[in-house]
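All values below come from the heavy atoms of this structure, side chains included, with hydrogens, waters and symmetry mates left out. In this text the structure is predicted, and so the values were computed from the model without any measurement. Reminder, nothing fancy here: chain letters follow the sequence lines and each chain counts from 1.
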Amino acid sequence: MVHVREKHWADEIAGAILQVPGPHEISTGISPSGEIHIGNLREVITADVVHRALRERGAQAVLGYVADSFDPLRKVYPFLDAAVYREQIGRPLSEIPCPCGGHASYADHFLEPFLRSLERMRIQVKVYRADRMYKSGLLVPQIIQALKARDLIARILLECTGRQVEGDWSPFNPICQACGRMTETSVTGFSESAETVDYSCPCGGRGIASMRGGGKLTWRVDWPARWARIPVTVEPFGKDHATRGGSYDTGARICREVFNAPPPFPVTYEWISFKGMGDMSKSKGNVLSVHRMLEVLPPEVLRYLVVKTRPMRSIGFDPGLPLLSLVDEFDDAAAAGRDARALQLAGADQFTPVGVPFKHLVNVVQMADFDLDQAVVILRRNGYAVDDPAALKERAGYAIRWLREFAPPEVKFSVQRSLPPEARGLQPGQRRFLALLAAALRPEMTGEEIHELIYAVANEAGLEKGTAAFEAIYRAFLGRTKGPRAGWFLAFLERGFVTARLKEAAAS
RNA sequence: GAGCCGUUAGCUCAGUCGGUAGAGCACCUGACUUUUAAUCAGGGGGUCCAGGGUUCGAAUCCCUGACGGCUCACCA
C-alpha cells in the first residue's frame, strides 16, 4: 500500500509558516563554547528541512546560522586546560585563545569543523558571527531600545518568570577594558548619541564602552534583538527554551513590546539522547561530535535519522550495532520506496547505493584485512557486481572507522596470519573434518556450495552437529569459536591459503 | 509548583478529511541437517492507556484522569 499523499512534518510546518507572507529567514544559533555535537545537529537539520519545504513551495526563504561567538566563556569545561582558561572566564569566545593553537580564536576552534560538516551534509547557511554583528554596529539600534526600555524588560521578566532582577541590572553587559570580562560589569549610564555605555567593574575598572563591540546584550534580550534586526521569521530551538517562562516566552514579548517586531514561528525539538550515556551535554563532556559521527555514517543517513522523526519526539541514538541497522534501514527504505518524503528530505537522491548491506561490509573489510582493493576482489569473487568500486571503497571506509570506534568486540575478528594456538588440540573428529574439507574444496565453489559442503563433510567425518565443524573452522582461521557465516567466509578468502590452513590445523 | 511531549503488534514507530488498524525489525513455518544478526516465500500476532462526551460512525474531535519521559540557572 503506497501512500500517495504522505504528510511529512516539514510540510505541515511549512504550511503553517506560509500563513504569514514572506520573505522568510529561518535562523538557527549555537554557541561554539564546546564541540558542536550530534544533538546540536538536530537544530540545523530541522531548520534545513523546513527551509527546503518552503523553497519547494515557491517561498522566498534564507537559512541563517548565528554562531554565538560573542558569548562569554561560562566556566572551565572538563576538556580545557584550567591553568590557561581559568582567567578567561567571562571573556567573549571570539576574544580568547584557541585550545589547539591552530585557529584564530576559541570560537573558531569549534566553529570551523562544524561548518565543514555542514558542507558535507549539503546544508548551505548564511553564517553570522555574533562578534562581528556587534562590532559592525548592526545591533546598535536594538541596544539603545533595550537600554531605554530597561524597566519594561525587567517587568516582562518578572511577569513571565517571577524573578525580580537586581537593582543594578541592565540588558547590556559591557566588556571591562581593564580585565576583559563582561560578566561582572555594571552599567552606570549611557549616551544614545555617542553610542556608548558607562560602566564600572569589581576589578576596579571604570570606563566607557562602545555599543559597537564593547559589550553584548544579555541572552534573553540578545535573542529577540536578533529576531528584530535580521529579521527572523522562523526559529527552531530545543525544548529547554520552550517551557512557559523560558527564553522563547520572554523573548517573544520583548520582541513585540521593546523592538516592535513579530517574534518568529517557533519549532521546538526534543533531545537526541546517546544510548547508555544519557543526554549529551557540552558541559558534561560526553558528546559525540558531528565531525566524528560523519566518519562512521554517510551524511544522508545522519540526516535521515533526524528527518524521519517528528521534532518533538526524542531520538535515542546508539552508535553500536543499531547503527548498522540504521544504515541498512535507509538502504532498504530507498530500495522499497518506503518513507519517500523523508528520504527525499534526507537527500537520498545524492546517495550512491553500493548493493552490499552495510552489516555485511563490516565482515568483508575484516576478511580483507582492511585492504579495500582486496575487499572489492572478494566481493566480486562472491557474486557482487560492484559497479562502482570508488563508492564501495568509500562506504567500506565508514565500516572500517565504525569497527575502530564503536563496534562491540563480538563482531570484530581478524584472520590469523599463522595457525592460532586455539586451533591446537582439536578433537579427532574435528581434525578429520578439516582434512576432508581441505581435500573436497574446489576453486570454483561458491559460498553457498561451501556451506553445503561443510555439512556433508561434517557428516562424513562423523560429527553429529554442525556446531563442532564450525567451531573447528573458526579456531583454525580466527582463533575463536564463532565468526561470520562459514561457507561465505571461506569463499571470501584466498583458496590456496584456505586449503593450506585447513591441512595445517588438521595435522596439529 | 508550572509547562511540554508521549502512551497503537514482542520492539521502534506510521496512521491524511472521523469511515472496520499499517510498516520495519523481531517471531513462527517452508525452501534447505543452514551455526553465526544470510536470502527468498508465506504466516501468526491488537481492549489503539482508562473513563466519559459529540457523532449514524472515534486510534482520530472535546473533557477528566492514570502512567511514562523531559524541561523550567544563558547546556540544543
Side-chain angles (χ1 to χ4, degrees), chain A residues 1-9 11-12 28-31 33-34 36-46 68 71-72 74-75 77 160-163 173 183 216-223 236-250 268-273 279-285 287 308-316 321-322 324-326 328-330 332-333 336 338-339 342 357 359-360 362-363 383 410-411 413 447-448 451-452 454-456 458-459 463-471 473-474 478 480-489:
Chain A
M1 201 56 63
V2 178
H3 292 279
V4 181
R5 272 193 312 157
E6 193 166 351
K7 203 166 186 186
H8 191 268
W9 56 263
D11 296 313
E12 278 175 12
T28 72
I30 294 166
S31 167
S33 59
I36 297 179
H37 54 77
I38 183 175
N40 300 120
L41 193 64
R42 186 166 199 180
E43 170 154 332
V44 189
I45 293 176
T46 302
D68 219 336
D71 236 17
R74 304 285 168 189
K75 62 178 203 180
Y77 298 107
C160 287
T161 69
R163 292 176 45 146
N173 298 322
T183 38
K216 178 183 192 292
L217 291 165
T218 191
W219 158 247
R220 292 223 177 206
V221 183
D222 181 62
W223 205 20
F237 46 82
K239 63 175 175 181
D240 53 331
H241 295 304
T243 308
R244 169 178 291 190
S247 37
Y248 180 77
D249 242 26
T250 55
T268 358
Y269 59 84
E270 253 281 359
W271 305 144
I272 294 181
S273 64
D279 289 342
M280 265 170 267
S281 162
K282 271 189 269 197
S283 52
K284 284 182 206 149
V287 301
K308 72 171 184 163
T309 311
R310 290 200 305 268
M312 279 186 289
R313 294 187 84 123
S314 64
I315 295 176
L321 278 180
L324 302 183
S325 304
L326 179 67
D328 285 333
E329 181 192 330
F330 180 81
D332 280 358
R338 236 185 297 122
D339 224 359
K359 279 174 200 162
H360 188 47
V362 164
N363 282 334
E410 64 268 23
V411 303
F413 64 86
E448 193 170 346
H451 189 78
E452 283 173 21
I454 290 170
Y455 277 94
N459 233 348
L463 296 178
E464 283 180 9
K465 294 205 129 195
T467 323
F470 290 114
E471 187 191 308
I473 292 169
Y474 297 131
L478 305 176
R480 39 190 282 185
T481 57
K482 299 208 166 197
R485 289 194 88 203
W488 287 263
F489 172 59

When rounded to the nearest Å, what value does the distance between [atom1] atoms of [N] and [M] take?
N	M	atom1	result
B:rC13	B:rC5	C1'	15 Å
B:rA23	B:rG46	P	14 Å
B:rC49	B:rU55	C1'	23 Å
B:rG51	B:rU35	P	45 Å
B:rA2	B:rA59	C1'	30 Å
B:rC27	B:rU36	P	10 Å
B:rC61	B:rG1	P	28 Å
B:rC32	B:rG68	C1'	46 Å

Closest to the [X] side chain, choosing from [options]:
X	options	answer
A:W219	B:rA76, B:rC74, B:rA2	B:rC74
A:A486	B:rA37, B:rA76, B:rU35	B:rU35
A:N173	B:rC75, B:rU7, B:rC74	B:rC74
A:H451	B:rC74, B:rA37, B:rU35	B:rU35
A:Y269	B:rA37, B:rC74, B:rA76	B:rA76

Whole Å only: how far is the [atom1] atom of [X] from the [atom2] atom of [N]?
X	N	atom1	atom2	value
A:R244	B:rG3	CZ	P	5 Å
A:I272	B:rA76	CD1	P	13 Å
A:D68	B:rC75	CG	C1'	13 Å
A:E471	B:rU35	CD	C1'	11 Å
A:D249	B:rA73	CG	P	13 Å
A:F330	B:rU12	CZ	P	23 Å
A:I38	B:rC75	CD1	C1'	17 Å
A:W271	B:rG6	CH2	P	17 Å

Is there a side-chain contact between A:R220 and the phosphate of B:rC74, meaning an N or O under 4.0 Å from OP1 or OP2?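 Checking B:rC74 against A:R220, a side-chain N or O does come within under 4.0 Å of OP1 or OP2.
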With a 4.0 Å limit, can you tell me whether A:R163 has a side-chain N or O closer than that to the phosphate oxygens OP1/OP2 of B:rA2?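 Indeed not, no polar side-chain atom of A:R163 lies that close.
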State whether A:E329 and A:K308 are salt-bridged, where the test is any N-O pair (Lys NZ or Arg NE/NH1/NH2 against Asp/Glu carboxylate O) under 4.0 Å.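 Salt bridge flag = yes for A:K308 with A:E329.
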Reckon [X] touches a base, only the sugar-phosphate, or nothing at all at heavy-atom distances under 4.0 Å?
X	result
A:G246	nothing
A:A456	nothing
A:L321	base
A:H360	nothing
A:T309	nothing
A:R310	sugar-phosphate

Verify side-chain contact (heavy atoms from CB on, under 4.5 Å) between A:L478 and A:F489, making sure each step is shown before the conclusion. CA-CA 11 Å; A:L478 305 176; A:F489 172 59; 3.6 Å; yes
Just need the stems in RNA chain B: three or more back-to-back Watson-Crick or G-U pairs, each with both distances under 3.5 angstrom, sorted by first number.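 So the stems come out as B:1-7 with B:66-72, B:10-13 with B:22-25, B:27-31 with B:39-43, B:49-53 with B:61-65.
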Are side-chain N/O atoms of A:N363 and A:H360 paired as donor and acceptor at under 3.5 Å?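 The criterion, which ignores hydrogens and geometry beyond distance, is not satisfied for A:H360 and A:N363.
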side-chain contact (heavy atoms from CB on, under 4.5 Å) evaluation trace for A:V44 with A:I30: CA-CA 9 Å; A:V44 189; A:I30 294 166; 4.0 Å; yes
Under 3.5 Å donor-acceptor, [X] side chain and [Y] backbone:
X	Y	result
A:Y474	A:P484	yes
A:E270	A:I315	no
A:R220	A:G246	yes

Of A:R313 and A:V411, the one whose closest RNA chain B nucleotide lies more 5':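 Between the two, 5'-proximity favours A:R313.
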Which comes earlier along RNA chain B counting from the 5' end, the contact point of A:E43 or that of A:E12, where each point is its nearest nucleotide?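 Comparing both residues, the 5'-ward one is A:E12.
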Which pair of non-hydrogen atoms, one from A:S33 and one from A:Y77, has the smallest distance, and what is that distance?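 Where A:S33 meets A:Y77 most closely, the heavy atoms are O-CE1, 3.7 Å.
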Search all heavy atoms of A:W271 against all heavy atoms of A:G238 and return the closest pair with its distance.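 It is CZ3-CA, 4.0 Å.
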Taking donor-acceptor contacts at under 3.5 Å, does the side chain of A:Y474 reach the base of B:rU35?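 Per atom types, the contact qualifies.
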Evaluate the side-chain proximity of A:L41 to A:I272: yes if any heavy-atom separation is below 4.5 Å, no if none is.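 Sidechains of A:L41 and A:I272: no contact.
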